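The structure displayed is predicted, hence computed values, not measured ones. Quick note: residue numbers are just sequence positions, from 1. Side-chain atoms are counted along with the backbone in the values below, which use heavy atoms only and exclude waters and symmetry mates.
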Amino acid sequence: AGRHWVSAKTKYLGTSRPESILFQPPSFDDTTDRKRIWVPIRAQSELPAGTDPKHGVLRITITPSSTIGAIWGKVRRNYDRVFESIPFWRYVANSLTIVIMATLGTLLSSSFVAYAFARLNWPGRTVAFALLLSTMMLPAQVTMIPSFMIWRAVGWYNTLTPLWLPAWFGVAFFIFLMVQHMRTIPRELEEAARIDGASSVRTWAQIILPQTKPALAAIAIMVFMASWNDFMGPLIYLRDQAKFPLSLGLYAVRLDTPEGGTDWTLIMAGNVLMTAPVVVVFFLFQRYFIEGMTMSGMKG
């Protein structure tokens, strides 16, 4: 109809598989002015003489590019498709919420409970510590169904709460790690604080915690990696896609190609975006991780 339309994005043609281009009018939920976009709905009298509104001309111009330019264009396109296929930043925000809350809860609860086991004397401490360690022998699959029934009964099904709230009640392995580390701290520091009139809580906060920074850093790294990569928990407790974390949201990019196969380039681009933060965090804080595991008497 006398109008010239140009695509907004460059299309890089593949050399080993066929490509397809789809043309379609705006759908019912598009907010764009249809009369301005969809030319064929115009009246015949508005078109130039000799123009058929039911037909158009498609002209494809193929411009050769350099090898590096072609590779970079295809790589960039794969990552662009990830952002187009899913609400990527919404999933990142959900994952960060889970990671931050779970990390804070684990650090607080593990250090607080470990202080009671490692530095305080109270009746039944040995038995309670043995019961705590015995829970580590229970596989997560054993408590999966009871936990789901409890969270659904309290009305927190389909929320992010079940994914981070248990961390605020302590994790047996991390409590054991902190106990091993706190036992290496000289008792003279604690006794000096008691002589100055410090309470047990103040001693824990101002004397013990600053001495356990390597162990806390190691725990924070492990909790971050576990929470960021958790797939089973969100799969069980969430059904609303707007609440999906990145680990579950990336499952939506498992699309099929026109040839009937799986689009592995799209999947791998999404996996790289998800794995990159974990790799960066580990390499930035690996010194604290190794130091914390060493000083706690554990072997990596």
Side-chain angles (χ1 to χ4, degrees), residues 22 24 26-32 77-110 138-171 174 219-258 260-281:
L22 178 63
Q24 63 181 12
S27 60
F28 65 92
D29 57 350
D30 284 341
T31 58
T32 311
R77 178 55 183 160
N78 288 329
Y79 289 100
D80 290 340
R81 290 166 61 201
V82 174
F83 291 97
E84 295 171 357
S85 302
I86 60 174
F88 184 83
W89 295 115
R90 178 186 293 272
Y91 293 159
V92 170
N94 295 335
S95 295
L96 289 177
T97 300
I98 297 173
V99 167
I100 293 174
M101 296 300 296
T103 303
L104 292 177
T106 302
L107 294 178
L108 179 62
S109 60
S110 299
L138 289 176
Q141 293 79 4
V142 174
T143 59
M144 185 180 300
I145 295 178
S147 298
F148 173 81
M149 297 177 65
I150 292 174
W151 294 119
R152 187 180 62 176
V154 300
W156 284 341
Y157 174 64
N158 196 34
T159 65
L160 299 179
T161 306
L163 303 176
W164 59 263
L165 187 59
W168 289 79
F169 295 96
V171 181
F174 297 133
I219 293 175
I221 294 174
M222 288 187 286
V223 174
F224 173 85
M225 296 173 62
S227 301
W228 183 267
N229 296 323
D230 185 21
F231 179 81
M232 184 61 66
L235 184 64
I236 294 174
Y237 294 111
L238 299 177
R239 69 171 183 269
D240 188 357
Q241 294 187 15
K243 301 177 182 178
F244 283 0
L246 189 59
S247 58
L248 185 59
L250 283 178
Y251 187 75
V253 303
R254 190 178 54 88
L255 305 176
D256 294 331
T257 61
T262 302
D263 194 345
W264 291 108
T265 57
L266 183 62
I267 294 177
M268 295 307 298
N271 291 338
V272 170
L273 291 175
M274 180 177 175
T275 307
V278 178
V279 176
V280 171
V281 169

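Contact between Trp228 and Met274 at its shortest, heavy atoms only, is NE1-O, 2.8 Å. In this structure, Leu266 and Arg81 approach most closely via the heavy-atom pair CD1-CB, 3.5 Å. Of all non-hydrogen atoms in Phe174 and Val223, the two that sit nearest each other are CE1-CG2, 3.5 Å. Of all non-hydrogen atoms in Leu238 and Pro245, the two that sit nearest each other are CD1-CD, 3.7 Å. Closest approach of Val99 to Thr103, counting heavy atoms only: O-OG1, 2.7 Å. A pairwise comparison of heavy atoms in Gly270 and Leu250 identifies O-CD1, 3.3 Å as the closest pair.
Between the side chain of Ser227 and the backbone N or O of Ala102, no donor-acceptor pair lies under 3.5 Å. Between the side chain of Trp168 and the main chain of Leu108, no donor-acceptor pair closer than 3.5 Å is present. Proximity of a side-chain donor or acceptor of Ser109 to a complementary backbone N or O of Val171 within less than 3.5 Å is not detected. Proximity of a side-chain donor or acceptor of Asn94 to a complementary backbone N or O of Ala242 within less than 3.5 Å is detected.
Annotation: side chain of Trp164 is not in contact with side chain of Leu104 (no heavy-atom distance under 4.5 Å). For the pair Asn158/Tyr237, no side-chain contact is recorded, criterion being any heavy-atom separation below 4.5 Å from C-beta on.
Between Phe169 atom CZ and Thr106 atom OG1 the span is 12.0 Å, to the nearest 0.5 Å. Here CZ of Phe244 is found 11.0 Å from CD1 of Ile86. Values are rounded to the nearest 0.5 Å. Distance check, rounded to the nearest 0.5 Å: CZ of Arg90 to CD of Gln241 gives 11.0 Å. One distance of note links CD of Glu84 with CG of Asp80; it measures 6.0 Å at 0.5 Å rounding. Atom CG of Leu163 is separated from atom CD1 of Ile98 by 4.5 Å, given to the nearest 0.5 angstrom. Note that CG of Leu235 is 9.5 Å distant from CG of Asp230, once rounded to the nearest 0.5 Å.
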### Message
Is there a side chain to side chain contact (heavy atoms under 4.5 Å, CB included) between Leu273 and Phe88? Walk through the geometry before answering.
### Response
CA-CA 10 Å; Leu273 291 175; Phe88 184 83; 4.0 Å; yes
#### Entry: Candidate pair Val278 and Phe224, rule side chain to side chain contact (heavy atoms under 4.5 Å, CB included), full reasoning
CA-CA 8 Å; Val278 178; Phe224 173 85; 4.2 Å; yes
For residues 143-153, please give each side-chain donor-acceptor pair under 3.5 Å, one per line with the distance, not counting sequence neighbours.
residue: Thr143; atom: OG1; partner: Ala140; partner atom: O; Å: 3.4
residue: Ser147; atom: OG; partner: Thr143; partner atom: O; Å: 2.7

